[in-house]
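These notes concern the structure reproduced below.
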Amino acid sequence: MRRIRVHVAYDGTDFHGWQLQPGLPTIQGALETVVAGIEGRAVHVAGSGRTDAGVHALAQVAAFSLENPIPLPNLRKAMNRLLPPSIRVLTAEEAASDFHPRFQAIAKTYEYRIVRAEVCLPWEWRYVYHHPYPLDVPRMQACAAAVEGEHDFTAFAAADDRDAEGRSKVRTIFCSTLESLPDRLIYRVRGSGFLKHMVRNIVGSLLEAGRGNLDKTGMRALLVSGAPVKAGPTAPAKGLFLVSVEY
């Protein structure tokens with residue numbers, strides 16, 4: 001049995017997220033269908049995390065086990081031939097038999113893209129949040145920096161089917177920055193792990209800061225265990241990209 005590790009890029013627009021859902025198109029479902037066809041039996045494809053419906057990935061990491069001796073270059077070509085054009089396998093490599101892309105990840109980086117221009121170009125529409133309104137960018141940048149460190153992100157987490165397990169919602173953010181360009185804002189965050197909707201809720205809070213409704217002190221108050229209020233509105237999924245996963 002071979003353990004195969006792949007890097008996958010995808011346009012999440014037409015999918016209901018990563019996780020397999022009966023009767024709905026998902027990234028995991030598409031990959032499992034293709035790999036099962038190559039292997040001749042059902043194959044579980046594990047991912048580094050469950051991206052939401054509409055979220056994109058530049059380099060999602062996934063892994064599966066095969067008995068098929070197909071050479072790796074041919075496996076990658078076969079998968080890309082069978083997958084829809086919105087999902088591409090970038091690399092395929094042999095991995096240790098116990099490799100798991102989620103449990104062994106030590107850091108992930110996400111990027112959120114906001115277009116501020118009056119007109120959003122049609123070929124960007126699926127991949128950015130269009131917000132052509134005034135924003136206090138320095139205030140947003142101060143709030144972005146406040147997220148760095150180890151905090152309880154309960155206020156930034158959406159309800160999850162794993163909540164009943166009582167898992168900790170403390171995460172460590174290594175870097176959180178907001179880059180201001182002439183017609184857009186790029187929020188980048190690198191952390192030990194992320195909760196459901198966490199990045200999108202951070203972005204929603206940054207936008208609230210940009211509108212003057214939240215400051216650095218208020219942002220820090222949301223990061224305290226037992227915070228009495230929730231984070232700002234959840235930013236649309238289409239502006240979010242999983243950039244990389246580290247091991």
Side-chain angles (χ1 to χ4, degrees), residues 1-113 121-128 186 188-191 193-194 199 237-247:
M1 187 69 75
R2 310 160 66 196
R3 189 67 171 165
I4 308 297
R5 167 175 162 171
V6 293
H7 283 85
V8 184
Y10 49 83
D11 174 347
T13 306
D14 299 324
F15 296 91
H16 290 258
W18 165 270
Q19 189 174 20
L20 190 66
Q21 298 182 59
L24 295 174
T26 66
I27 306 298
Q28 184 183 32
L31 289 170
E32 289 189 351
T33 297
V34 165
V35 176
I38 295 170
E39 178 73 348
R41 62 175 178 84
V43 176
H44 172 66
V45 177
S48 71
R50 303 179 298 174
T51 50
D52 301 328
V55 173
H56 318 290
L58 303 183
Q60 169 73 284
V61 177
F64 48 87
S65 297
L66 291 181
E67 292 181 352
N68 193 317
I70 181 173
L72 292 172
N74 294 354
L75 173 63
R76 181 177 63 83
K77 290 177 183 178
M79 291 181 70
N80 284 334
R81 185 175 66 251
L82 297 169
L83 285 165
S86 50
I87 305 175
R88 294 292 88 182
V89 176
L90 305 178
T91 65
E93 57 192 13
E94 302 280 352
S97 60
D98 63 348
F99 173 70
H100 195 288
R102 179 162 68 92
F103 300 141
Q104 294 173 232
I106 59 172
K108 296 178 184 178
T109 298
Y110 282 90
E111 181 175 289
Y112 196 94
R113 305 173 182 180
L121 298 173
W123 48 86
E124 283 198 292
W125 176 253
R126 288 159 64 104
Y127 311 109
V128 298
I186 307 294
R188 295 186 183 90
V189 59
R190 176 175 175 265
F194 296 88
V199 178
K238 65 178 186 171
L240 183 60
F241 289 76
L242 172 59
V243 174
S244 64
V245 186
E246 300 169 46
Y247 295 92

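- When all heavy atoms of Phe15 and Pro84 are compared, the pair lying nearest together is CZ-CG, 4.2 Å.
- Judged purely by atom type and a 3.5 angstrom limit, Lys238 uses its side chain to pair as donor or acceptor with the backbone of Trp125.
- Scored by the ring-ring contact (aromatic ring centres under 6.0 Å, His included) test, Tyr110 finds Phe194 as partners (sequence neighbours excluded).
- Between the CG atom of Leu82 and the CD1 atom of Ile87 there is a distance of 12.0 Å, given to the nearest 0.5 Å.
- Residue pairs meeting the ring pair (Phe, Tyr, Trp, His ring centres under 6.0 Å) criterion with at least one partner in residues 38-59, sequence neighbours excluded, are His56-Tyr127, His56-Phe241.
- Put simply, OH on Tyr10 and CG on Leu58 are 10.0 Å apart, with the number rounded to the nearest 0.5 Å.
- Residues meeting the ring-ring contact (aromatic ring centres under 6.0 Å, His included) test with His100, sequence neighbours left out: Phe103.
- Nearest heavy-atom pair, Ala46 versus Pro101, reported as atom, atom and distance to 0.1 Å: O-CG, 3.3 Å.
- Ser86 meets the side-chain hydrogen bond (donor to acceptor under 3.5 Å, both in side chains) test with no other residue; sequence neighbours excluded.
- Not counting sequence neighbours, His16 has no partner by the side-chain hydrogen bond (donor to acceptor under 3.5 Å, both in side chains) test.
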**OP:** Start with the C-alpha distance between Ser244 and Lys108, add both sets of side-chain angles, then the distance that settles side chain to side chain contact (heavy atoms under 4.5 Å, CB included), and finish with yes or no.
**Re:** CA-CA 6 Å; Ser244 64; Lys108 296 178 184 178; over 6 Å; no
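- A search for salt bridge (charged side-chain N to carboxylate O under 4.0 Å, His left out) contacts involving Arg113 returns Glu111, not counting sequence neighbours.
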Distance-only donor-acceptor pairs under 3.5 Å for side chains of residues 61-76, two or more places apart:
from  : atom 1 : to    : atom 2 : distance (Å)
Ser65 : OG     : Arg3  : NH1    : 3.1
Asn68 : OD1    : Ile70 : N      : 2.9
Asn68 : ND2    : Ile38 : O      : 3.0

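- Rounded to the nearest 0.5 angstrom, Thr91 OG1 and Ile4 CD1 are separated by 11.0 Å.
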**OP:** Go through Val55 and Leu242 one step at a time and tell me if the side chain to side chain contact (heavy atoms under 4.5 Å, CB included) criterion holds.
**Re:** CA-CA 8 Å; Val55 173; Leu242 172 59; 5.6 Å; no
**OP:** Walk me through it: do Trp18 and Val45 pass the test side chain to side chain contact (heavy atoms under 4.5 Å, CB included)?
**Re:** CA-CA 11 Å; Trp18 165 270; Val45 177; 4.2 Å; yes
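- Rounding to the nearest 0.5 Å places CD of Gln60 at 5.5 Å from OG1 of Thr51.
- Residue pairs meeting the salt bridge (charged side-chain N to carboxylate O under 4.0 Å, His left out) criterion with at least one partner in residues 8-34, sequence neighbours excluded, are Asp11-Arg126, Asp14-Arg126.
- The side-chain contact (heavy atoms from CB on, under 4.5 Å) check on Ala107 picks up Phe174, Arg190, Glu246, with sequence neighbours excluded.
- With sequence neighbours left out, the side-chain contact (heavy atoms from CB on, under 4.5 Å) criterion links Glu124 to Val115, Cys120, Leu121, Val128, Arg184.
- Remark: Arg41 engages Glu39 in a salt bridge (charged side-chain N to carboxylate O under 4.0 Å, His left out) (not counting sequence neighbours).
- For the atom pair OG1 (Thr33) and CD (Gln28), the distance works out to 10.0 Å, reported to the nearest 0.5 Å.
- Pairs of residues two or more places apart, or lying in two chains, that qualify as salt bridge (charged side-chain N to carboxylate O under 4.0 Å, His left out) and include a residue from residues 89-101 are Arg2-Glu94, Arg5-Glu93.
- Atom OH of Tyr112 and atom CZ of Arg188 lie 15.0 Å apart (nearest 0.5 Å).
- At least one side-chain heavy atom of Leu83 sits less than 4.5 Å from a side-chain heavy atom of Leu31.
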